[in-house]
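Every chain is numbered from 1 and lettered A, B, ... according to where its sequence line falls, protein lines coming before strand lines. Remember, it's a predicted structure, so these values are computed and weren't measured experimentally.
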Protein chains: 2
Amino acid sequence: MTAQRRAVAEALSAPDLHVTAEEVFERAAAVLPEISRATVYNTLNDLVALGEVRLTSFDGGQTRRYDPNARVPHHHLVCTKCGGAKDVLFGHAVPPLSKKERQGYEVDASHIVFEGICERCKSA
Amino acid sequence: MTAQRRAVAEALSAPDLHVTAEEVFERAAAVLPEISRATVYNTLNDLVALGEVRLTSFDGGQTRRYDPNARVPHHHLVCTKCGGAKDVLFGHAVPPLSKKERQGYEVDASHIVFEGICERCKSA
DNA sequence: ATATTTGCAAAGTGTTTGCACGTAA
DNA sequence: TTACGTGCAAACACTTTGCAAATAT
């Protein structure tokens, strides 16, 4: 556990924030100016491999964001204007697929993406 | 409407296939060997802008795929092994969010991603 | 002391762009 | 004929890698 790793972890700490790699770098650099992008990317990849953080994208892969809340299953509210995303701690389960709908797949997870306009973009 | 545009459209024609840009290029080049990657990208972007095709990513943005079935709302079955995706024409609607769950968002679309292992990867 | 992590700069992806040529209408 | 589409190659943004110096255990 090194100082730079701690800085990256801290940059991800806000539970329902979904930051880009560049934002993680900026936040980490604010605390530890000599940190390099390579270290940020390495650490993020390690965290993803460990299952601590989830790599997500809600705009068809044009922007990649890191979801620190990987351990708690949840859905997402995504703003189609600004790209921001919020977690939805959704009580109800996702409706199950019938055997025919499963098309031979063995399904072991599912999540819903709700697309819309966030409050800030609506008023802007 | 040019020959290269037609070749790109044809490469996307299978309704529940989700191809990458490179696969579109390969398929188009099989028919029209002198086609260039730039044209493929240009055309794909045009199709996305027209709403004919939807840009998607199911692996956190590491692979981008084009979904030709943009006009019909549907959900997706995604294989976490091979990255392949199939459409799910889902009769049931997505459960609505309560006002509190919406967190000020104005939601206008939603879709479910079912993750699992496809039949081929299961037997492999 | 040894193995691991860092920073830098360079290489690698996949995608986009500028410009001259070719082609559609 | 006139504007638009194409191909090429260069530019681009983002991410990964090789290596030597620095650091953790």
Side-chain angles (χ1 to χ4, degrees), chain A residues 1-12 17-68 70 78 82-85, chain B residues 1-12 17-68 70 78 82-85:
Chain A
M1 181 46 77
T2 65
Q4 353 335 45
R5 250 121 141 122
R6 221 182 321 270
V8 170
E10 226 142 82
L12 289 163
L17 205 68
H18 301 76
V19 270
T20 64
E22 186 61 24
E23 282 163 356
V24 172
F25 170 70
E26 284 165 21
R27 284 153 173 264
V31 175
L32 206 69
E34 72 273 26
I35 201 170
S36 80
R37 255 165 260 264
T39 300
V40 171
Y41 278 106
N42 287 339
T43 308
L44 287 172
N45 287 342
D46 292 349
L47 289 171
V48 170
L50 285 169
E52 292 294 337
V53 154
R54 197 181 163 101
L55 182 56
T56 62
S57 182
F58 301 116
D59 61 353
Q62 294 181 99
T63 317
R64 296 192 208 174
R65 293 170 183 274
Y66 293 88
D67 181 348
V78 177
C82 68
Chain B
M1 182 44 76
T2 65
Q4 357 329 50
R5 251 123 139 119
R6 221 181 322 269
V8 170
E10 227 142 80
L12 288 163
L17 207 66
H18 302 76
V19 271
T20 63
E22 186 62 25
E23 283 163 356
V24 172
F25 170 70
E26 285 166 20
R27 283 153 175 264
V31 176
L32 207 68
E34 72 275 25
I35 200 172
S36 80
R37 254 166 262 264
T39 299
V40 171
Y41 278 106
N42 285 339
T43 308
L44 286 172
N45 287 342
D46 292 349
L47 289 171
V48 170
L50 285 169
E52 292 294 336
V53 155
R54 195 180 163 103
L55 182 55
T56 63
S57 180
F58 302 116
D59 60 355
Q62 294 181 101
T63 318
R64 295 192 209 176
R65 293 170 182 275
Y66 293 88
D67 181 348
V78 177
C82 68

(request) With DNA chain C as reference, determine whether A/Asp46 or B/Gln62 sits nearer its 5' end, using the nearest nucleotide of each. (result) A/Asp46
(request) For A/Asn42, answer base if it contacts any base atom (sugar-phosphate contacts may also be present), sugar-phosphate if it contacts only those atoms, and nothing otherwise; contact means non-hydrogen atoms under 4.0 Å. (result) base
(request) Measure the distance from CD on B/Glu22 to P on C/dT15 and round it to the nearest whole Å. (result) 8 Å
(message) Rounded to whole Å, how long is the line connecting atom CZ of B/Arg65 with atom C1' of C/dT15?
(response) 17 Å
(request) Could you state the atom-to-atom distance from CG of A/Leu32 to P of D/dT23 in whole Å? (result) 11 Å
(message) From the set D/dG7, C/dT6, C/dT15, return the single nucleotide nearest to any side-chain atom of A/Thr43.
(response) C/dT6
(request) For residues A/Val8 and A/Thr39, determine if any side-chain heavy atom of one lies less than 4.5 Å from a side-chain heavy atom of the other. (result) no
(request) Under 4.0 Å between any heavy atoms, over every strand shown, what does B/Gln4 touch: base, sugar-phosphate, or nothing? Just pick one. (result) sugar-phosphate
(request) Taking only the side-chain nitrogens and oxygens of A/Asn45, find out if one of them lies under 4.0 Å from OP1 or OP2 of D/dT15. (result) no
(request) Round to the nearest Å and state the distance from B/Arg6 atom CZ to D/dT6 atom P. (result) 11 Å
(request) Nearest whole angstrom, please: distance from the P of D/dA13 to the OH of A/Tyr41. (result) 13 Å
(request) Compare side-chain N and O positions of B/Arg5 against OP1 and OP2 of D/dT6 and report whether any pair is under 4.0 Å apart. (result) yes
(message) Roughly what angle, to 10°, lies between the helix axis at the start of the helix from C/dG12-D/dC14 to C/dA25-D/dT1 and the one at its end, five pairs per end?
(response) 30°
(message) Side-chain N or O of B/Thr2 versus OP1/OP2 of D/dG5: is the shortest distance under 4.0 Å?
(response) no
(request) Mind calculating the distance between CD (A/Glu26) and P (D/dC14) to the nearest angstrom? (result) 11 Å
(message) Quick check on side chain to side chain contact (heavy atoms under 4.5 Å, CB included): which of B/Thr43, B/Val19, B/Asp67 does B/Leu12 satisfy it with?
(response) B/Val19
(request) Calculate, to the nearest 0.5 Å, the distance between atoms CG and CD belonging to A/Leu32 and A/Glu10 respectively. (result) 10.5 Å
(message) Testing the basics here: between A/Gly51 and A/Ala70, what is the closest heavy-atom pair and its distance to 0.1 Å?
(response) O-CB, 3.7 Å
(message) Quick check on DNA chain C: between A/Val40 and B/Arg64, whose nearest nucleotide comes earlier from the 5' end?
(response) A/Val40
(request) Walk me through it: do A/Asp59 and A/Val78 pass the test side chain to side chain contact (heavy atoms under 4.5 Å, CB included)? (result) CA-CA 9 Å; A/Asp59 61 353; A/Val78 177; over 6 Å; no
(message) Let's see if you can work this out: which of D/dC14, C/dT15, C/dA9 has an atom nearest to the side-chain heavy atoms of A/Ala38?
(response) C/dA9
(request) Round to the nearest Å and state the distance from A/Glu23 atom CD to D/dC14 atom P. (result) 11 Å
(message) If you only use heavy atoms from C-beta on, which nucleotide in C/dG7, D/dT6, C/dT6 is closest to the side chain of A/Glu34?
(response) C/dG7
(message) Looking at B/Ser36, I'd like to know whether one of its side-chain N or O atoms comes within less than 4.0 Å of OP1 or OP2 on D/dT6.
(response) no
(request) Taking the side chain as every heavy atom from C-beta outward, state whether B/Leu17 and B/Glu23 have any pair of such atoms under 4.5 Å apart. (result) no
(message) Looking at A/Thr20 and A/Arg65, would you say the former's side chain and the latter's main chain have a donor-acceptor pair under 3.5 Å?
(response) no
(request) Check whether any side-chain heavy atom of B/Tyr66 sits under 4.5 Å from a side-chain heavy atom of B/Thr56, and report yes or no. (result) no
(message) Whole angstroms only, please: what is the CZ-P distance between A/Arg37 and C/dG7?
(response) 12 Å
